[in-house]
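As the structure lists them, so they are numbered: ligands from 1, and atoms in each ligand from 1. All values reported here derive from a predicted model rather than from experimental measurement. The chain is numbered in sequence order, starting from 1.
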Amino acid sequence: MTNQANGPRRMKGAQMVWECLLREGVDTVFGYPGGAILPTYDSLLDYPIRHVLVRHEQGAAHMADGYARASGRVGVAIATSGPGATNLTTGIATAMLDSVPTVFITGQVPSKLLGSDAFQEVDITGITLPITKHNALVTDVRDLARTLREAFVIARSGRPGPVLVDICKDAQQAEAEFEWPESVDLPGCVPVAPPRPEDIARAAELIVKAERPLILAGHGVLESGASEVLRAFVDKTQIPVALTLLGLGGFPPSHPLCLGMMGMHGEAYVNQAIQRADLLLAFGMRFDDRVTGKLATYAPHSKKVHVEVDRSELGKNVKVDVEVAADLRTALEALLPAVAPAAHEAWIAEIEAGRQETRSRDILHQPAEGRLYAAHVLNDLWRATGGEAIVVTDVGQHQMWEAQYYRHEQPRTLITSGGLGTMGFALPAAIGAKLARPEAEVWVVAGDGGFQMTQCELATLRQEGLDLKIAVINNGYLGMVRQWQEFFYDKRYAATPMLSPDFVALARAYGIEGHRVDVRDQVLPTLARVRGSGHSALVDFRVVKEESVYPMVPAGADLHAMIRRPVVEEVRA
Ligand SMILES: Cc1ncc(C[n+]2csc(CCOP(=O)(O)OP(=O)(O)O)c2C)c(N)n1
C-alpha cells in the first residue's frame with residue numbers, strides 16, 4: 001500500500017481511485033469486474049479495502065445503499081462498462097428517490113473509442129442523468145482525483161443522493177501526479193444556510209395559536225440526526241407525531257404522542273387527524289402522493305409549516321404558509337426556545353379515541369382459527385427481537401405489515417425502498433447493512449416474489465460468511481398487486497399467482513440453514529432457534545394467501561376515504 005502522508009506522487013489512475021476512497025474513509029465496496037474496469041480491479045489488491053463480489057450489479061448498488069442507510073456513511077459500488085453499468089441503474093434510482101448518499105464508479109471504453117459503439121459502450125452518464133444527483137465522465141487521468149473528491153462531497157451534502165463517476169479505461173491506465181484536494185469549489189453545491197430568524201418566528205407564532213397541531217415527520221429526521229431535538233420539541237409542545245414510511249424510527253413508538261404511520265397504509269386515526277388538524281408541521285418530508293392522497297382535499301383546515309433541506313421541495317406538491325429551507329436539526333434547535341410549553345388535551349383525547357377504535361379492527365385481535373397471518377409473523381419478530389434489530393424489507397404487502405407491526409424505536413433500524421418501491425431490494429441491502437453494522441442483528445423481510453428477484457445474492461452472503469436472518473413472507477402471490485386486483489379489478493388475478501422454489505432447499509443449496517413455518521405457535525420457537533445460531537438462516541413463513549393490508553387509501557382518493565378492515569363482528573357474520 002502507498003503512504004498517504006506523502007505529497008504529490010506519480011501513480012496510475014487505477015491507484016488514484018483507491019487512494020481517494022481511502023481518504024474518504026471507505027472501508028468496503030461492492031462490485032463486479034469486467035474489461036473496462038480491470039485496471040482499477042488490478043490495483044485493488046494493493047489496498048486495504050474490502051471488496052464484496054456480488055452476483056449481479058443491481059445487488060452491488062443495493063448493498064451500497066443499505067450500507068449507507070444503516071451507517072449514515074457514503075456507500076460505494078463499482079462495475080464495468082455497458083451491461084455492468086446498466087445493471088446498476090435500478091439501484092441508483094432507488095438511492096435517488098430515497099436521498100441515499102452513494103457513489104457509483106463505472107469503467108468506460110477508452111476515450112478514443114467514445115461514441116463509436118465500441119464493445120460494451122453505453123452512455124451511462126446520459127442514462128443516469130435523471131437518476132443521479134450528479135455524474136461525470138473522466139477521460140483524462142489528471143481530472144480523476146478531483147472528480148472523485150467532488151463526487152463524495154456532493155453525495156453527502158445538503159439533501160444526500162447518488163453520484164456516478166464513469167472512468168475511461170485509458171484514464172485508469174495513464175499516470176499523473178496524485179493530488180487529493182482537501183476542499184473543492186462547487187458553485188452549485190452551496191452549504192445549507194441556517195434557518196432565517198423571521199421564518200422561525202412565523203412558525204412559532206402559528207404553533208402558539210394552534211389548537212389541533214400535528215407533526216409530520218419524515219426521512220429528514222434521520223438524515224439530519226434530529227431525533228433527540230424532535231423529542232424535546234414534542235415534550236415541550238405536546239404536539240402528536242405522525243411518521244412517513246421512511247421516517248419510522250425517527251421518533252419512538254413507545255412515546256405516548258407517537259401516532260405511527262400516515263398515508264396509503266397508515267393508521268386510519270392518523271389520516272383522520274391530518275384531515276382534522278389546524279396546523280401541520282412537516283419536518284423533513286416531501287408530501288409524496290402516497291402520504292397525501294388527493295391533493296385537492298388534503299388537510300383542508302390546516303395552516304402548514306414545511307421545514308426541508310431541499311428548497312426545491314418547498315411548495316412543490318402542497319402549498320404551505322411558512323417555508324423553512326434549512327437542515328431540520330438546526331431548524332428545530334432554533335424553534336425549540338421560540339415556542340412555549342403547551343397542552344392539547346382535547347385534541348389528543350380525540351386522536352386517542354380513534355386509536356382505541358382501531359384496535360377492534362386489528363387482525364391480531366381477531367380469531368385466527370389456526371391460520372398464520374403475516375401480521376402474526378411480524379408482530380412476533382418485533383417481540384422476539386425487542387424491536388432492536390435492523391429490519392430490511394422488500395416491497396409489497398409484507399413491507400406495509402412490517403411498518404405496521406414492527407415498532408422501530410431507534411433511527412436507521414428500518415431500511416426500505418420507499419420512493420422507488422424496488423422489489424429485490426431487501427436481501428442485497430441487508431448484506432450492505434450487516435457489513436456497515438456487524439454488531440447488529442439484521443433481518444431481511446421479503447415477499448416470495450421480490451425475494452426471487454435478487455436471491456442470487458445468497459451466494460454473496462455465504463461467500464462473505466455473514467450472519468443474516470431472512471424471513472420470506474410466502475403467500476404464493478405477488479400479494480400487493482393481487483390486493484389491488486381484489487379491490488379494484490373484480491378479483492381478476494392476472495399474472496399474480498406465483499410459483500416459487502422450495503425456499504428451504506434453495507437456502508440449503510447455498511449452504512444456508514433453512515426452516516419452514518406454517519402455524520403460529522412455531523413462529524417464536526423458530527425465531528429463537530435461528531436468532532441464537534451465529535450464522536445465516538432463512539425461514540419460509542407460509543402465510544394466509546389472500547389477505548389484504550388495511551386500511552388502504554385507494555391511489556388518488558381523499559386521504560380520509562380509507563378502505564377499513566371489517567370489525568370482528570362483521571368478520572364473524
Ligand atoms: C421491480 C418491481 N417490479 C414490479 C413492482 C410492482 N409491485 C409492487 S408490489 C408487488 C408484489 C410483491 O409481491 P411479493 O414480493 O410476493 O410481496 P407481497 O406483496 O406478497 O408481500 C409488485 C409486483 C415493483 N414494486 N418493483
Side-chain angles (χ1 to χ4, degrees), residues 56-59 61-62 65 86-98 131 245-246 263-265 288-290 363 371-379 381 391-406 414 416-430 443-458 470-489 491-503 506 517-518 538-550 552 554-555:
H56 186 294
E57 290 86 351
Q58 181 185 351
H62 293 324
D65 177 319
T86 53
N87 275 352
L88 290 174
T89 52
T90 299
I92 297 174
T94 305
M96 182 70 180
L97 272 272
D98 287 349
I131 54 167
L245 175 65
L246 290 189
M264 180 176 272
H265 292 293
D288 160 86
D289 57 282
R290 285 294 191 264
I363 190 72
R371 291 180 293 250
L372 179 63
Y373 287 100
H376 291 149
V377 177
L378 292 160
N379 192 250
L381 182 63
V391 183
V392 187
T393 77
D394 218 77
V395 171
Q397 291 183 311
H398 64 279
Q399 179 188 30
M400 295 299 120
W401 282 314
E402 197 282 347
Q404 292 176 345
Y405 290 101
Y406 196 104
L414 169 60
T416 193
S417 167
L420 198 67
T422 307
M423 286 172 71
F425 175 79
L427 175 61
W443 276 86
V444 170
V445 171
D448 43 323
F451 187 73
Q452 290 184 66
M453 284 197 169
T454 51
Q455 67 188 18
C456 56
E457 302 305 341
L458 286 172
I470 301 166
V472 178
I473 308 297
N474 185 353
N475 55 13
Y477 280 102
L478 294 173
M480 185 57 95
V481 181
R482 186 211 59 75
Q483 173 170 343
W484 285 47
Q485 290 170 330
E486 177 185 333
F487 287 8
F488 313 118
Y489 292 86
K491 285 200 175 186
R492 289 158 59 84
Y493 292 161
T496 45
M498 174 160 270
L499 178 73
S500 290
D502 175 340
F503 288 114
L506 180 81
V517 171
D518 45 22
L538 179 151
V539 187
D540 176 17
F541 290 100
R542 297 287 181 93
V543 298
V544 171
K545 285 174 179 280
E546 293 187 47
E547 166 63 0
S548 293
V549 181
Y550 294 98
M552 178 176 189

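- Of the N or O atoms in G449, one or more lie within a sub-3.5 Å distance of an N or O in ligand 1.
- Residues L506 and L538 have side chains not in contact (no heavy-atom distance under 4.5 Å, counting atoms from C-beta outward).
- At a 4.0 Å cut-off, not a single heavy atom of G424 sits close enough to ligand 1 to count as contact.
- When only interatomic distances are considered, the shortest N/O to N/O separation between Q397 and ligand 1 falls below 3.5 Å.
- Interface of H398 with ligand 1, defined as ligand atoms under 4.0 Å from a residue heavy atom, comprises 17 (O), 18 (P), 21 (O).
- Residue M480 places at least one N or O, backbone or side chain, under 3.5 Å from an N or O of ligand 1.
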(request) Could you walk me through whether Q399 and M480 pass side chain to side chain contact (heavy atoms under 4.5 Å, CB included), step by step? (result) CA-CA 10 Å; Q399 179 188 30; M480 185 57 95; over 6 Å; no
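- Annotation: G450 places an N or O atom under 3.5 Å from an N or O atom of ligand 1; distance criterion only.
- In this structure, a donor-acceptor pair under 3.5 Å is absent between the side chains of T94 and S417.
- Counted by atom type alone, S500 and Q452 present one or more donor-acceptor pairs between their side chains at under 3.5 Å.
- Residue D394 places no heavy atom under 4.0 Å from ligand 1.
- By the 4.0 Å heavy-atom criterion, N475 is counted among the residues contacting ligand 1.
- Listed by number with element, the atoms of ligand 1 under 4.0 Å from a non-hydrogen atom of Y477 are 16 (O), 20 (O).
- Ligand-side atoms of ligand 1 in range of G479: 13 (O), 18 (P), 19 (O), 20 (O), range being under 4.0 angstrom from any heavy atom.
- Remark: F487 CZ is packed, more than 12 non-hydrogen atoms of other residues, nucleotides or ligands lying under 6.0 Å away.
- The shortest N or O to N or O distance between V481 and ligand 1 is not below 3.5 Å.
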